2 protein chains.
Amino acid sequence: MLDAFEAILVADGERAATMDATARAAGVSKGGLLYHFASKDALEGGLIQRLAGLVDADVEAIVSAPDGPVRYFLRSSVMADDPLDRAIVAVSRLAQGGSDAASRALHEMRQRWVDALSPHVRDTTALDLVLLVSDGLYFNNALGGDAAAPVPTGAALDALIDLVQEASRP
Amino acid sequence: MLDAFEAILVADGERAATMDATARAAGVSKGGLLYHFASKDALEGGLIQRLAGLVDADVEAIVSAPDGPVRYFLRSSVMADDPLDRAIVAVSRLAQGGSDAASRALHEMRQRWVDALSPHVRDTTALDLVLLVSDGLYFNNALGGDAAAPVPTGAALDALIDLVQEASRP
DNA sequence: GTCTATAAAAAGATAGAC
DNA sequence: GTCTATCTTTTTATAGAC
């Protein structure tokens with residue numbers, strides 16, 4: 001059910017992610033959905049909690065990345081349609097829809113990234129650069145929708161990461 | 001009335017920006033609002049049109065900036081609560097809410113920026129860098145809401161711009 | 001646990017008075 | 001132009017059968 005809710009948020013936006021649509025996509029009735037999540041707030045809370053768990057694993061992966069935390073972090077900022085990316089986009093949809101809990105969750109996530117990356121960049125300016133490029137990558141993917149995503153991939157992404165890495169190296 | 005609609009979108013998100021709330025904030029009745037904008041689609045269209053006009057002026061300012069287009073562009077990416085910034089955030093709220101017209105308007109805006117900045121950066125990688133940092137700045141401001149915005153300002157912003165400018169100089 | 005039926009509220013839109 | 005009143009649809013939530 002969380003999968004269905006998340007998928008609708010990512011594909012069609014917050015407006016379309018109703019209890020009704022979620023139940024239908026999950027293959028249950030509205031009553032069935034409401035048995036597991038007693039309210040829409042609870043459903044959103046479930047998604048936010050899922051994000052928090054995925055962020056735990058991500059931070060772990062960042063700090064122990066063989067190619068270095070910055071490269072790994074930027075590379076994973078391009079939406080690969082993996083569980084974390086989907087959760088981030090879905091929760092940011094909720095945040096832009098007006099959910100304070102979602103905004104708080106995203107800020108917490110960002111703070112954990114700051115803590116993980118700080119030791120591996122030159123200074124706070126370099127840290128800002130890395131985080132903002134990552135945010136930009138997510139933002140563009142999140143806006144995507146119908147139009148083609150202008151986000152760099154493949155060799156262009158590698159070149160961009162090289163550039164950022166060079167500019168931010170300690 | 002567009003001002004009211006925009007303000008609610010920016011402050012409280014797409015969910016809160018109803019015809020009812022917009023009418024109340026604008027100091028008119030729902031009927032009064034519907035006289036000027038016959039539907040919610042029309043209201044959103046009005047906002048998108050406003051954005052297009054502001055983008056025209058912005059592109060003009062970018063290409064003729066005394067300090068150089070890149071510096072001007074990045075500096076203006078930090079939400080200064082000016083008309084263009086408000087319009088961008090409001091329309092991106094609509095886009096994330098599921099409006100295809102809003103998504104299209106944002107992509108057009110981005111394309112105009114690409115055209116304006118291309119001659120002033122080294123290559124496409126540098127262009128990606130500049131655009132993504134700008135997107136990151138907007139994204140963070142747009143998420144803001146209750147929590148404190150972690151976006152660099154003042155001296156930190158100047159340092160960041162210097163770094164990006166150095167990395168992207170032709 | 002899952003369903004149907006239904007209540008209660010909110011949102012978009014129309015009609016017609018002034 | 002702006003208002004009130006009303007209609008329709010959608011959305012969230014409850015109640016109770018199975």
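None of the values given here were measured: they were computed from a predicted structure. Letters A, B, ... are given to chains in the order of the sequence lines, protein chains preceding strands, and every chain is numbered from 1.
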For this session: Hey, can you tell me if A:Trp113 and A:Phe73 have their rings parallel, tilted or perpendicular (30° and 60° cut-offs)?
Result: perpendicular

Exercise. Taking 4.0 angstrom as the limit, do A:Arg112 and A:Asp58 come out as a salt bridge?
Worked result: no

Problem set entry | Minimum side-chain heavy-atom gap A:Leu132-B:Leu132 below 4.5 Å | no

Problem set entry | Protein proximity profile, nucleotides 2-18 of chain D - base contact B, sugar-phosphate-only contact S, no contact -, cut-off 4.0 Å on heavy atoms | BBB------SBBB----

Exercise. Tell me, which pairs form a salt bridge (charged side-chain N to carboxylate O under 4.0 Å, His left out) where one or both residues lie in residues 77-87 of chain A, sequence neighbours left out?
Worked result: A:Glu6-A:Arg86, A:Asp81-A:Arg86

Exercise. Is there any side chain to side chain donor-acceptor pair (under 3.5 Å) pair reaching into residues 161-170 of chain B, and which pairs are they, with sequence neighbours excluded?
Worked result: B:Arg71-B:Asp162, B:Glu166-B:Arg169

